[in-house]
Amino acid sequence: MANVLRNSAKFGFSGVLSQLSIHSRHGRECVSPCFSLQQRNNSTSPKIKVDLDSSTGVAVLRMQSPPVNSLSLDFLTEFCINLEKLEMDRSCRGLIITSTLSKVFSAGLDIMEMYGKSPERCGEFWKAVQEMWLKLYGSNMATIAAINGSSPAGGCLMSIGCDYRIMADNPRYSIGLNETQLGIVAPFWFKDTLVNTVGNRAAELSLELGLLYSAPDALKIGLVDQLVPEDQVLSTAQDTMSKWLAVPGQNTLSHWLYRVRTLSLSHTGCTGSEHSPSHWLYRVRTLSLTLAVPGQNTLSHTGCTRSEHSPSHWLYRVRTLSLTLAVPGQNTLSHTGCTGSEYSPSHWLYRVRILSLTLAVPGQNTLPHTGCTGSEHSLSHTGCTGSEHSLSHWLYRVRILSLTLAVPGQNTLPHTGCTGSEHSLSHTGCTGSEHTLPHTGCTGSEYSLSHWLYRVRTLSLTLAVPGQNTLSQYTL
Ligand SMILES: CCCCCC/C=C/CC(=O)SCCNC(=O)CCNC(=O)[C@H](O)C(C)(C)COP(=O)(O)OP(=O)(O)OC[C@H]1O[C@@H](n2cnc3c(N)ncnc32)[C@H](O)[C@@H]1OP(=O)(O)O
């Protein structure tokens, strides 16, 4: 095992990933998640121990899977089953996650799950990773990570999936999304969750470099919220939990409102009951990887069949897709036809976001954006120049168009056929007849900025967890 880890660090994780092919098509019917979880839990000794204090409504979930609480399929399955049970137990309102191991909270995904396993097993494993995050991040309970040891990669994801993080004040412990250092592309929902936690720039640096932070540095960038002496991690978590549980309606609106952004990204495009969250995440991840590392995404990332996806085929498709999505008619080959040597995966991945921003205002990115060469596309360059494109202007427009993008299946070709003049503030690329009250509730004269922002936020909530968020739950 140590060899695998060492090799993955030395040769890049692609060597390990090439063993992996996630071909699972997820064509399965929706079954009870609890049932499917139980079906695949093959472990014998419990890797998770849960104690629920019925007087406080707080459960402590202890990870107890030596040597490092790595997130294997069995571990994740057990974790999800326990989470699901607590979620259904109305007496439980708060959840604290901690480790029984000394020095380690969780080492992240179990590397052995990604080595030499069948495509079916890999698919199951990846679904379980997603389910863990969805269940944790989407939990109705207040959640606190009591991080009493190192917490790299998936361990960090688990931590930032919680509402609050308390870490042992020990500089030898580290935390961070270090996937890039292993040659792994952190999926976009890892990235989004990190951005939500530490902000754009810190997340960008962190992911491009695959940084692990010591506990004090993690506190500095906001990756954890509090450091306490090691022997006080759990008791502090318990004290803190009582504050969270004292917030009126904690399990509903306030908790949800501030966590929605990421989930809305993850779920855009869902329609119908057949799209379970995990199914969607899997598909979205594929797309995002497809975009992210042209020429460097191998078959194992994508669920594609081998014969179709040769590297050149990939490049072509990526280029097409990028052009379509990004700044139609304005992205030149220098952005899209890059080869591996110019654009390392992490560099590409985490700059794509910039181009995404650019793509958000089609029809309104006019001459100042055109003719850009690769070198001009720096972080600060989102395609805008000139006084009319101030940051706040951009932000608001982007947000509005995000709304448009967020209702796939309803926003259709009218985006692409718009001319500049149609893209007024009140026009998000939709034609009137398709975009009626259920999306926005606005008519032209009501399109003041504050009104829009408010409505957009409301709508995001609606979109956030299809099949789980209903209007009745979140009507303001
Ligand atoms: C399907 C698509 C893939 C894309 C997914 C992208 C997302 C990836 C997220 C991930 O989580 S990838 C995993 C990344 N994890 C790490 O980089 C952590 C590596 N481990 C460590 O840094 C250290 O082990 C530790 C956690 C800081 C603990 O250090 P300590 O010195 O206490 O223990 P070690 O001697 O290093 O390890 C003991 C033992 O445990 C094995 N091990 C460590 N980490 C893992 C792991 N992630 N999976 C499986 N096994 C692990 C290690 O090999 C040792 O085993 P041995 O048999 O005793 O040699």
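For reference, positions follow the sequence shown, starting with 1. Atoms within each ligand, like the ligands themselves, are counted from 1 in listed order.
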Using a 4.0 Å cutoff against the non-hydrogen atoms of P152, which atoms of ligand 1 qualify? 18 (C)
Go through ligand 1 atom by atom and flag the ones less than 4.0 Å from a non-hydrogen atom of G154. 9 (C), 10 (C), 11 (O)
Nearest heavy atom to atom 26 (C) of ligand 1 wins, so pick from A107, S174, A153, G210. A107
Heavy-atom gap F190 to ligand 1 smaller than 4.0 Å: yes
Side chain, backbone, both or neither: which applies to V104 and ligand 1 if a contact is any heavy-atom pair less than 4.0 Å apart? side chain
Between E124 and R121 (salt bridge meaning N to carboxylate O under 4.0 Å), is one present in this structure? no
Of all the heavy-atom pairs spanning L86 and L95, show the shortest one and how long it is. CD1-CD1, 3.7 Å
Counting only heavy atoms, which portion of N178 has something under 4.0 Å from ligand 1: side chain, backbone, both, or neither? side chain
Given that the side chain starts at C-beta and the backbone is N, CA, C, O, which of these parts of V68 lies under 4.0 Å from ligand 1, counting heavy atoms, or is it both or neither? side chain
Below 4.5 Å, heavy atoms only, C-beta onward: do P152 and I175 meet side chain to side chain? no
Do the side chains of R93 and W244 get nearer than 4.5 Å, heavy atoms only? no
Minimum heavy-atom distance between E179 and G154, given as atom pair plus value: OE2-N, 4.0 Å
Look at K135 together with E87 and state whether they make a salt bridge at an N to O cut-off of under 4.0 Å. no
With a 4.5 Å cut-off on side-chain heavy atoms, are F75 and D110 touching? no
Run the numbers for me: atoms of ligand 1, each under 4.0 Å from some heavy atom of G108, listed by number. 11 (O)
State the atoms of ligand 1, each with its element, that fall below the 4.0 Å cut-off from a heavy-atom position in P67. 39 (C), 40 (O)
